[in-house]
Amino acid sequence: MKNIVLKTSIPGPKSVALMARRKAAVARGPFHGTPVFVDHAHGALITDVDGNTLIDLAAGIGVVNTGHTPEALVKAIAGQAGKLIHGSFNVTPYESYVALCEKLNGLAPGKFAKKSFLANSGAEAVENAIKIARAHTGRPSVIAFEHAFHGRTYMAMTLTAKEKPYKIGFAPFNSNVLRAPYPYPYHDVASETAFTAFTDLATKAGPDTIAAVIIEPVLGEGGFIPAPKEFLAKLSDFCAKNGIVLIADEIQCGFGRTGTLFASEQLDFAPDLILTAKGLGGGMPVSAVTGRAEIMDAPIEGGIGGTFGGNPVAVASALAVIELMSDPAFLPKVRALGASVLKTLSSWKERYPVVGDVRGLGPMLALELVKDRASKEPFADGAKALVKHCYERGVVIMTAGSYGNCVRLLFPLVITDEQLAEAFEVLEYGLKTLKP
Ligand SMILES: Cc1ncc(COP(=O)(O)O)c(C=O)c1O
């Protein structure tokens, strides 16, 4: 029960002082979910600048899936840093870039010849996927979904659904982006309804004007909603029949997060292009577009690239992540963890009326909080209060959802049962005492 007691030292005096410096020196725009400044971290534990230890249920927004500072990554990064920090693949290529592309081509779903391209961030992977799809089809339009989050650069932001805070003040956006409903059973958007609306939209636009459809197989920022298998199957058929490039954004749900390397594997989904970032580098900035070789080869030589994309140190880290996740025991353990966490969360739903819905895939699970079960009125203040309750007691957790009323679990997948139990004790106490 020790963590349920308020740790009056979180945020501690050093964090408070740093926050004052942050406010004076750093632009207002970048959000911080907690006012706690980290000093170092290992596994699923974060130590702040005041010496407090916090249990991490956020993993730097679903990035350190293999844990903070795992020995294998630290070794790979340090080893590479001593050999070559930067060469620029566009100037003097190096083998590890090719090796990572080979690995991704072999691991991504779909029994077809594949090629890959490396970049630095999720948003950059999204931008490049759209460029590749347009170059391949010669068509202008892209269909994205409601509740989608694809990043903060102009095309990625245009594809992102939520206005505040992601888009407000940044208009005009890119043209030729259309939006279709995402199946959201809890809010009465059934799979069939969503697919009918999608076909209506695509038919009215003219399928031969559509270059790409981009979808998160499990919505991330949108609230951890998995797309139903049948919806993805119909989408695949429609895109294949109409020569549209189908892109899966697995930037948040990929790299082991759902218990398989790609969430698409569990959804019997083999998109034309698949995007990875976050967990791919295990904390180093690297992203990838992987997909059908003939589509990937559409841009002319020099048409895509960048100074830093596929940086050797980040690539060494990604190769080490793949090695760790290739251990035959790694992913089955993550799946078992997912099953046990789902049980706990479902029992909370039975006991605490503020929990309206529990959903996700594998251990990528979220609680949707409501003020009232019948009206399903979003309880965003509750989600915010729960985050504060948690960090003040030594647990780092994040919100999600278009209405800001979800609390999502994105813990490092190597978290121990004891750490999870301790964190859940805090979280459950917060839920129990949350009053709409
Ligand atoms: C599904 C998804 N796509 C794209 C992005 C953008 O990635 P990045 O922040 O690395 O640009 C994110 C980030 O949260 C994401 O969750």
Side-chain angles (χ1 to χ4, degrees), residues 29-33 58-65 117-131 133 142-162 165-167 170 174 177 179 182 212-227 232 246-258 261-264 267 269 271 273-291 306 308-311 314 317-318 321 360-362 364-366 397-402 404 406 408-410:
F31 174 77
H32 47 261
I61 328 186
V63 168
V64 291
N65 296 356
F117 164 77
L118 305 181
N120 304 289
S121 66
E124 231 189 306
V126 170
E127 297 288 336
N128 280 286
I130 302 300
K131 284 168 70 173
V142 181
I143 298 185
F145 288 88
E146 280 168 15
H147 312 291
F149 183 88
H150 295 295
R152 295 172 180 275
T153 51
Y154 261 95
M155 185 40 131
M157 176 176 59
T158 305
L159 295 167
T160 291
K162 194 172 176 177
Y166 304 126
K167 300 168 88 160
F170 299 141
N174 290 358
V177 171
R179 195 167 306 284
Y182 191 100
V213 170
I214 181 165
I215 187 164
E216 293 162 82
V218 184
L219 282 177
E221 308 297 303
F224 284 22
I225 307 167
L232 294 173
L246 184 50
I247 305 169
D249 178 343
E250 288 227 16
I251 288 163
Q252 189 157 161
C253 65
F255 265 82
R257 179 50 54 194
T258 65
L261 198 61
F262 296 94
S264 292
L267 301 169
F269 186 41
L273 303 181
I274 196 158
L275 313 183
T276 47
K278 291 188 184 278
L280 167 64
M284 294 297 285
V286 59
S287 63
V289 183
T290 299
F308 292 114
N311 166 272
S317 184
V321 165
L361 191 63
M364 184 176 176
L365 291 164
I397 194 165
M398 293 184 75
T399 60
S402 292
C406 299
R408 55 176 148 170
L409 298 179
L410 279 176

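Computed from a predicted structure; not experimentally measured. Whatever order the structure lists them in is the order used to number ligands and atoms, beginning at 1.
- Under a 4.0 Å criterion applied to the non-hydrogen atoms of Glu221, ligand 1 contributes the atoms 14 (O).
- Residue Gly220 places no heavy atom under 4.0 Å from ligand 1.
- Put simply, the side chain of Lys167 never gets that close to the backbone of Lys162: no donor and acceptor are under 3.5 Å apart.
- Residue-level proximity to ligand 1 for Ala123 is carried by backbone and side chain together, each with a heavy atom below 4.0 angstrom.
- Judged by distance alone, the side chain of Glu146 and the main-chain N or O of Ala161 form no donor-acceptor pair under 3.5 Å.
- Qualifying salt bridge (Lys or Arg N to Asp or Glu O under 4.0 Å) partners for Glu124, counting only residues two or more places apart in sequence or in other chains: none.
- Within the 4.0 Å cut-off (strictly below), a protein heavy atom is located near atom 3 (N) of ligand 1.
- The nearest protein atom to atom 16 (O) of ligand 1, hydrogens excluded, is given as Gln252 NE2, 2.8 Å; this is a heavy-atom distance.
- The backbone N or O of Phe149 lies less than 3.5 Å from no partner atom in the side chain of Tyr166, so there is not a single donor-acceptor pair.
- Without hydrogens or angle criteria, Ser287 side chain to Ser121 main chain gives a donor-acceptor distance under 3.5 Å.
- For atom 14 (O) of ligand 1, the nearest protein heavy atom (residue, atom name, distance) is Lys278 NZ, 3.0 Å.
- Tested against Ile247 for a side chain to side chain contact (heavy atoms under 4.5 Å, CB included), the candidates Val289, Ile130, Leu159, Val142 yield a single pass: Ile130.
- Counting heavy atoms closer than 4.0 Å to ligand 1, residue Arg152 contributes nothing at all.
- The residue Glu124 has no part lying near ligand 1, judged by heavy-atom distances below 4.0 Å.
- Using a 4.5 Å cut-off on side-chain heavy atoms (C-beta onward), Gln252 and Leu410 make contact.
- Under the 3.5 Å distance criterion, the side-chain polar atoms of Ser317 are matched with a main-chain donor or acceptor of Gly281.
- Heavy-atom proximity to Glu216, at under 4.0 Å, picks out these atoms of ligand 1: 1 (C).
- Heavy atoms of Asp249 approach ligand 1 to within less than 4.0 angstrom.
- Among protein heavy atoms, atom 7 (O) of ligand 1 sits closest to Gly122 CA, 3.3 Å.
- Looking at Val63, Leu219, Ile251, Val218 and measuring to atom 5 (C) of ligand 1, the nearest heavy atom belongs to Ile251.
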